[in-house]
There are 2 protein chains.
Amino acid sequence: MVSIKDIAKKAGVSISTVSYALNGSSKVTDETSSRILAIAQELNYIPNAAARTLKKRESKIIGVFLTDFKGEVYGDLLDGMKEVANTQGYDLIVCSGKQSHRMLPERMIDGAIILDQAFESEELLEYADRNHKIVVLDRELDHKNINQVLLDNKAGATLAMEYLIERGHQKMYIVTGPPGSFDSMQRMKAVKQALDRVDHIEWIEIEGDFKKSGGEKAAKQIIADYKDPVAVFCLNDEMAIGLCNQITENSSLVIGEQIHLIGFDNIELTRYMQPRLATIDYSKRKWGALAAEQLIKLIAGDTVENERIYVTLVEGESVGYAVK
Amino acid sequence: MVSIKDIAKKAGVSISTVSYALNGSSKVTDETSSRILAIAQELNYIPNAAARTLKKRESKIIGVFLTDFKGEVYGDLLDGMKEVANTQGYDLIVCSGKQSHRMLPERMIDGAIILDQAFESEELLEYADRNHKIVVLDRELDHKNINQVLLDNKAGATLAMEYLIERGHQKMYIVTGPPGSFDSMQRMKAVKQALDRVDHIEWIEIEGDFKKSGGEKAAKQIIADYKDPVAVFCLNDEMAIGLCNQITENSSLVIGEQIHLIGFDNIELTRYMQPRLATIDYSKRKWGALAAEQLIKLIAGDTVENERIYVTLVEGESVGYAVK
DNA sequence: CTACTTTATGACAACCATTACACAGGATCT
DNA sequence: AGATCCTGTGTAATGGTTGTCATAAAGTAG
C-alpha cells in the first residue's frame, strides 16, 4: 500500500507537507503542492480511512439501523437520508442486526439513525452517555445526544378513525402492530380517543405484527365472525394488504362494500391494489432527510429541536359509506 | 475515551498485557487476565475500530453496493448475506451511490459485493488490481480478486420461453431491461435462441427498465397494438406487475386470457397478484449466502470457483393456452 | 545592516491497538 | 549447581494520517 510516506520520499519533502498538499492547505506553495499531487496520482495513492478516522476522530459515515432489509417503507426514507448525508459530506451505510451495533461505540460511524425496535433504548442511552450521537425514528428518548424525528401517529390515526366514523361505520376492527411497538401504541391511543368521542361504536382489537401475515391472520378472524359490513383499520398498510388478499381469496366479501378497509403509511405497494386502499400518507423522503439533517447537526455539536412529520389522509375506494 | 492505556495504568501492567488479556491470549495468567477484564468492564472500555483496522489491516466488514434502496429483490438476498457474514465474524453494511465507493479502496471494508450496474467494471478492476476482494452478482469479470455468483439467466429465459411456446403462443412481446443490463442481455440471448428453434413466431422487443414504469409503458404499446391474444415475457417481475396493472386499469383485456404474461424473479409481491403470475424462481437467500461465502473465502486468500444459481419455473394462471 | 515579521517546510508526537522481541524469574533436567 | 527451557510480562516498533511546534529562509522596516 502506498502511503503519504512514499509520496514524501518520492517528492523529496516531508510527510507533513504531503498531508497539507493533499488536504489543500494554503500553507504549501502552489508549485510544491501540484508537484505532490502529481506524484500522488502517479503512485495511485488513496488515503487510508482507518488512519484518518483514528487521528481525526471522525469517519464521516452515518449508520442507519433497520430491523431487517425487507421493509416496504425504507426505500424513499433511505434515499432521503442519503441525499442529505451526501451533500453534507457524509456517507450512509445501512446495517441490521445486533452484531452491527458495535459500529457505533467502536467509533466506526459518526452517528446513528435508529429504526429498529430490537435496538434497545437502554443500549442507546448508554451510547448516548458515551457521547455518541443518535437520531431515533421509532421511540421517544430524552437525552442531549439523542434527537427524535417522529411521525405524527396520533394525527394519522385520528384522521383514519374520523374517516371511518364520518362514513357511518358502527362496527370496527383495529389491527394493531406487534406488542411494544411505539408507533402501534401511539396510533392505538389516538384510536381510543377517537372512539371515546362518539357513542354506539362496537369495536374489537386484533393483535397484529405490522407484516402481511398479521393482516392475513386478522382476515381469518374477521371472516369467521362476519355478520354485517364492518370497517377495519389496519395500523399499517402491509397488514392491510395481507388482509385484503386473504379476504379476496378466501371469502366472497368485497373490500369497500362489506369490508371497509383503511391502512397507514401509504406504501408504494398500495398503488397496485384493487380497490385503491384508503390510508395515511407522509413523505418518507422528507422523514429520512430530516433525520439525517438532525443527526449531522448533533454531530456538529449543535443543539436541535425534535421534529415531527405531518401526515395526510389518502381517500380510497376501500372505504365506502355504511348502509343503514 | 478510555483506551487500553488507561486500563494498563489502573491495573498496573503494560499495555501489551492488556491487549493480550483482551484478546484472550493464553500468554497471560488467568489471574492477571481476569483482573484486567474486570477493570476493562469497570472503565466501560470499548475498543477503537479504527485503530484495530489500521493495525490489523482488516475491518471485518463486508460492503454490499446496491443501485438503490428500493429494489424488491434485495430483502432475502441481503438476509442471506448477513447470515453467512455474521456467522463468520463479519458485519454487513449496505451502501448505495458513487460516493460510497471510496469505502473499498480506502480499506474501510474488507471486501465488496456488487449489485449495481452503475458501479463501473473498469473501476472494479482497478480496485481488484489493488488487491481488494470483490464478488459481482451482475456481470462477468475475469480477475483473480473477483468472483462471480450469477443467476442462470439463460436457463430461466429458456424455461419461460418454452412455457409460452408449449402453450401454443405465436405472437409475443419481450419487454427487456435497461440497455446495458447484464441480466437483460443474457436473458435476451436465450430468448432469441429459443425463438430460433421454432418457426412462425412473430415477436416484438420492447425496451424496458426493470422497473414498474417500464411495464406500464410496454402495456400502453401492447394495448394500442392489440388485435389478437398475445404472450408477453417481461424480463423481470417488477415490469410484469406494472404491465399487469396498466392493462387491468386501462383496457378490458384480461391477463391469462388475452394477455399471457410471464415474469422473472418471483419477487414476493407476485404472491399478491390476481391472477398468479407465472415466473422464474430462484433462492435469493441462497444467492446472497453464496456471494458472502465466496467473498469471505476470497478475503481469506483462497481461490474460489465462480458459482451459478439455478432457477425453476413457477406456473401461474397469468399464462393460458392459445386458442386457435 | 540589523531586527523583526512572515512564510514555507520539516521534525515529531499523537491517535489506539497489535505484536515481534527481549528479558527476568522459576521450573526442569543432567 | 549449572545449563536449559518455559512462561508471563514489558519495551518498543508499527500501521497511516494529522497537526502542533520549531526552524530556516525570505521579506519588511527602521
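Residue numbers begin at 1 in each chain, while the letters A, B, ... track the order of the sequences. Keep in mind that this is a model prediction, so the values were computed, not measured.
- Looking at the side chain of B:A51, the nearest of the listed nucleotides C:dT9, C:dC16, D:dG10 is C:dC16.
- The 5' end of DNA chain D is approached more closely, in terms of each residue's nearest nucleotide, by B:V13 than by the other of A:P47 and B:V13.
- For the OP1/OP2 pair of C:dC16 and a distance below 4.0 Å, the side-chain nitrogens and oxygens of B:S3 include no atom meeting the criterion.
- Separating the CG atom in A:D68 from the NZ atom in A:K211 is a distance of 7.5 Å, to the nearest 0.5 Å.
- Checked against C:dA20, D:dG16, C:dA17, the side chain of B:L54 finds its nearest nucleotide in D:dG16.
- Counting atom types as modelled, A:S16 pairs a side-chain N or O with a base atom of C:dA11 as donor and acceptor under 3.5 Å.
- Taking every side-chain heavy atom of B:R57 into account, D:dG16 is the closest of C:dT18, C:dC15, D:dG16.
- Nearest-nucleotide mapping onto DNA chain D: of B:G12 and B:K55, the residue sitting toward the 5' end is B:G12.
- At least one side-chain nitrogen or oxygen of B:T29 sits closer than 4.0 Å to the OP1 or OP2 atom of D:dT9.
- On a pure distance criterion of 3.5 Å, no polar donor-acceptor pair joins the side chain of B:Y45 and the base of C:dA17.
- Between A:N23 and D:dT18 there is a side-chain polar atom (N or O) within less than 4.0 angstrom of OP1 or OP2.
- Residue B:S19 places at least one side-chain N or O under 4.0 Å from the OP1 or OP2 atom of C:dT18.
- How far CG of A:L137 is from CZ of A:F65: 12.5 Å, rounded to the nearest 0.5 Å.
- Within 4.0 Å of B:L22, counting heavy atoms only, lies no atom of the nucleic acid at all.
- Not a single donor-acceptor pair, N or O on each side, falls under 3.5 Å between the base of D:dT7 and the side chain of B:K27.
- Side-chain contact annotation: B:T53 with B:R107, donor-acceptor N/O pair under 3.5 Å absent.
- B:S19 and B:S16 form no side-chain donor-acceptor contact under 3.5 Å, judged by distance and modelled atom types alone.
- Close to D:dG16, at under 4.0 Å from its OP1 or OP2, lies no side-chain N or O of A:R52.
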